[in-house]
Protein chains: 2
Amino acid sequence: MSRTTLRDIAEKVGVSVTAVSRALSGYPDISEETRNRIFRTAEELNYQPNIAARTLVTQKSGVLGLFVLGREKGEGFSHPFSGQVINGFLDGLVEEEYDMMVFKANRPPDSGSLSYIDLCKRRMVEGAFLMGLRTDDPWIADLKESTIPIVTIDMPLAGEMTFSVGCDNVSAVHAAVRHLAELGHTRIAIVNGYKQASVSRERFEGFKSALDDLGLPFDPSLVAEADFTVAGGKQAFLSMIDRVSDMTAVFAASDLMALGVLEGARERGLNVPKDLSVVGFDNIEMARMSSPPLTTLDQPRYELGQTAAKILISACNGETPPSRVLLKANLIVRGSTAEQSKGKPAKGVVRQAH
Amino acid sequence: MSRTTLRDIAEKVGVSVTAVSRALSGYPDISEETRNRIFRTAEELNYQPNIAARTLVTQKSGVLGLFVLGREKGEGFSHPFSGQVINGFLDGLVEEEYDMMVFKANRPPDSGSLSYIDLCKRRMVEGAFLMGLRTDDPWIADLKESTIPIVTIDMPLAGEMTFSVGCDNVSAVHAAVRHLAELGHTRIAIVNGYKQASVSRERFEGFKSALDDLGLPFDPSLVAEADFTVAGGKQAFLSMIDRVSDMTAVFAASDLMALGVLEGARERGLNVPKDLSVVGFDNIEMARMSSPPLTTLDQPRYELGQTAAKILISACNGETPPSRVLLKANLIVRGSTAEQSKGKPAKGVVRQAH
DNA sequence: TCTATTAGGTTTAACGTTTAAGTAATTTCA
DNA sequence: TGAAATTACTTAAACGTTAAACCTAATAGA
């Protein structure tokens, strides 16, 4: 009734356990004939190796860990960004001898709960994949000293065994701002994400350098900060538009925040894109379906995940992959951006709405 | 340099390995004093048990498997439904001694690739969680004869060790149709999902029985079928509205399809909800943000996942949980449904659009 | 013909844990 | 006071693999 083991096969074929092990592992020192008999009975008894036993002796588990960060219960996997990245990561594991284990991140560091490193140790996890933007996670500091490779999305950790993949945020935002400038906009605002995310710094840098390159002045009152969510984006936009009403375009550092800007604009009676152009970042599914559909920067999420898998596996195998890989985010122009209407200052429109 | 083991602790404290094991496991036959010394040195050496070794001897891995079905690469984790369910499932594992391993489903059943059962066997997976609607997955048939418990979302399998959680689709759709009827609609169409999904059968049953109960006639030409996607929903709606133009309301069996209906309606010049009321199913994030925001049936995704975890764990522990659990899906009324405008037949509007 | 090599295995040990079966010293209680 | 029970351990075995070391018979090379 219990599972078949190497021993069962060995007894049935009439050889030693080692012979069976070596035959199944493809070592050449087993004769053609015995090998065949071994394979046949293995098939017959539907043998599946016990990976726990193998792990114990080889000290390699074939397990990669996935940690999904985020502060709220709901945030982790349900973020519109995560799914495709994970799909890509998993597909990057196909053909490889690795499986993926998901760990509950976000657990408070109270007594009793384990650090990410400790969780990995127990299961002999060979490498970890970290998603989520919070650089202030209490367990993250440890990771820099990890002895197993760790790859993150959008969160460079500067450790010996840490790697990161992400998009070239600077040049992506640069393209977005250039797009707006080419449409005639000069008063361009930014709704950025929170500072704890390294992408926020990069996107801001892209924003400023683009203004510089395009010869546009930088106005600090056109900078707002939010938490990457719809509600946050809306709030940030509203308090900004109420202070300075002559802006004609907004770059939001995430599509969710851009959708919030859209909501806010509607509330203030501003027509997008006639009165206000809006550009997002991410190209989540929703971006296609908003009205107007969102002009945004497409993050190649699937490829990000796939690249992460490749890097992690290569690092697990003792190779030394690049510590940072940047993919290109492409501008997708949709309906939320348009030429700035020359004669009519947006100011007037806003007043009208009040 | 290598990891600390029970042996290291035993040597340092001066007792046997067994004593250390029993002390750490909380057995009462170790004296208070030795126990304390053991705990202290365990802490000191930062001991983490080797779960592979434990698994080998106890024959319990503490691993639950997650299989995400779907036909396309992109479908699995990125479906707007999956994220919250997985979050709920993971949170259902907190406080339990289980971890979750994700397996690549969707692999072709060619020679060389393993069945779900075999994948579980190798890793000594104790129970599996299956998501995704395809009852025609080539490996699913095997699952009915599984000896480890399997819990599915929305896919009853009728096996000895299979369990399923889902929503009470029949009564949910019933509520949706009643809502439309109360708004004065009598020509109500349904855009259902594909037949391979058991939810499609149930939702259709709810649809028909509601018409019955409300004294409305059932018209087969008001029934269309699609693949749960936006594009599919739009296509199905368009070909239906072009055949029979006097419908005033549509129930779509998923929000994605409902969004497709919205697109289709816009294309035909129909105003939602003035000319056409639309109800979806799922309450995905996008549903709040479409214009108009979608009236829909809220599936408690997080709770579905949590319930699945509870059932699976209880089955793993030898208990006998109910083989089917149905949660309630609540109607969320938003802007996509309205009173049917009496005098003006929708027909006229459609003509006008052409 | 004798030694060295090779082919095709076998034996033994090890991985780190748990559990069953002892055992020696102390305590209980009749 | 002496047998029985209890306390606080230890020893030995097992889980299912892999890997290193060893063995034997046949073959090759000189």
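In what follows, every chain begins at residue 1, and chains take the letters A, B, ... in the order their sequences are listed. Treat the numbers as computed from the prediction; the structure is a model and nothing was measured. For the numbers below, each heavy atom of this structure counts, side chains included, while hydrogens, waters and symmetry mates do not.
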>> Base contacts versus sugar-phosphate-only contacts with protein, heavy atoms under 4.0 Å: please encode nucleotides 13-21 of chain C as B, S and - from 5' to 3'.
In response: --BBBBBB-
> Distance from B:Ile117 atom CD1 to B:Ile148 atom CD1, nearest 0.5 Å?
Replying inline: 6.0 Å
>> In whole Å, I'd like the distance from the CG atom of A:Asp29 to the P atom of C:dT5.
In response: 19 Å
> Atom OG1 in B:Thr152, atom CZ in B:Phe163: separation rounded to 0.5 Å?
Replying inline: 10.5 Å
> Among all residues two or more places apart in sequence or in another chain, which pass the salt bridge (Lys or Arg N to Asp or Glu O under 4.0 Å) test with B:Arg7?
Replying inline: B:Glu11
Would you give me the side-chain donor-acceptor pairs under 3.5 Å for residues 45-55 of chain A, sequence neighbours excluded?
from    : atom 1 : to       : atom 2 : distance (Å)
A:Gln48 : OE1    : B:Arg122 : NE     : 3.0
A:Gln48 : NE2    : B:Asp118 : OD2    : 3.3
A:Asn50 : OD1    : A:Ala52  : N      : 2.9
A:Asn50 : OD1    : A:Ala53  : N      : 3.2
A:Thr55 : OG1    : A:Ile51  : O      : 2.7

>> Given 3.5 Å as the limit, does a donor-acceptor pair link the side chain of A:Asp154 with the main chain of A:Gly166, or not?
In response: no
> Does anyone know the first and last nucleotide of DNA chain D in reach of chain B, 5' to 3', at under 4.0 angstrom to a heavy atom?
Replying inline: D:dA8 to D:dG16
> Counting only N and O atoms by type, is there a donor-acceptor contact under 3.5 Å from the side chain of A:Asp91 to the main-chain atoms of A:Gly88?
Replying inline: no
> Looking across every strand, which nucleic acid part, if any, lies under 4.0 Å from B:Ser16 by heavy atom: base, sugar-phosphate, or nothing?
Replying inline: base
>> When you measure from the side chain of A:Ser25 to the backbone of A:Arg22, do you find a donor-acceptor pair of N or O atoms at a distance under 3.5 Å?
In response: no
>> Take a 6.0 Å sphere around CD of A:Glu97 and say whether it holds more than 12 heavy atoms from other residues, nucleotides or ligands.
In response: yes
> Using the C1' atoms of the five pairs at each end, what is the angle between the end axes of the helix from C:dT1-D:dA30 to C:dA30-D:dT1, to 10°?
Replying inline: 40°
> Taking atom CD1 of B:Ile150 and atom CD of B:Glu145, what is their separation to the nearest 0.5 Å?
Replying inline: 10.5 Å
Side-chain donor-acceptor distances from residues 59-68 of chain B under 3.5 Å, at least two apart:
from    : atom 1 : to       : atom 2 : distance (Å)
B:Lys60 : NZ     : B:Glu126 : OE1    : 3.4
B:Ser61 : OG     : B:Val63  : N      : 3.1
B:Ser61 : OG     : B:Met124 : O      : 2.5

> So what does B:Thr34 hit on the nucleic acid, given a heavy-atom distance under 4.0 Å: a base, only sugar-phosphate, or nothing?
Replying inline: sugar-phosphate
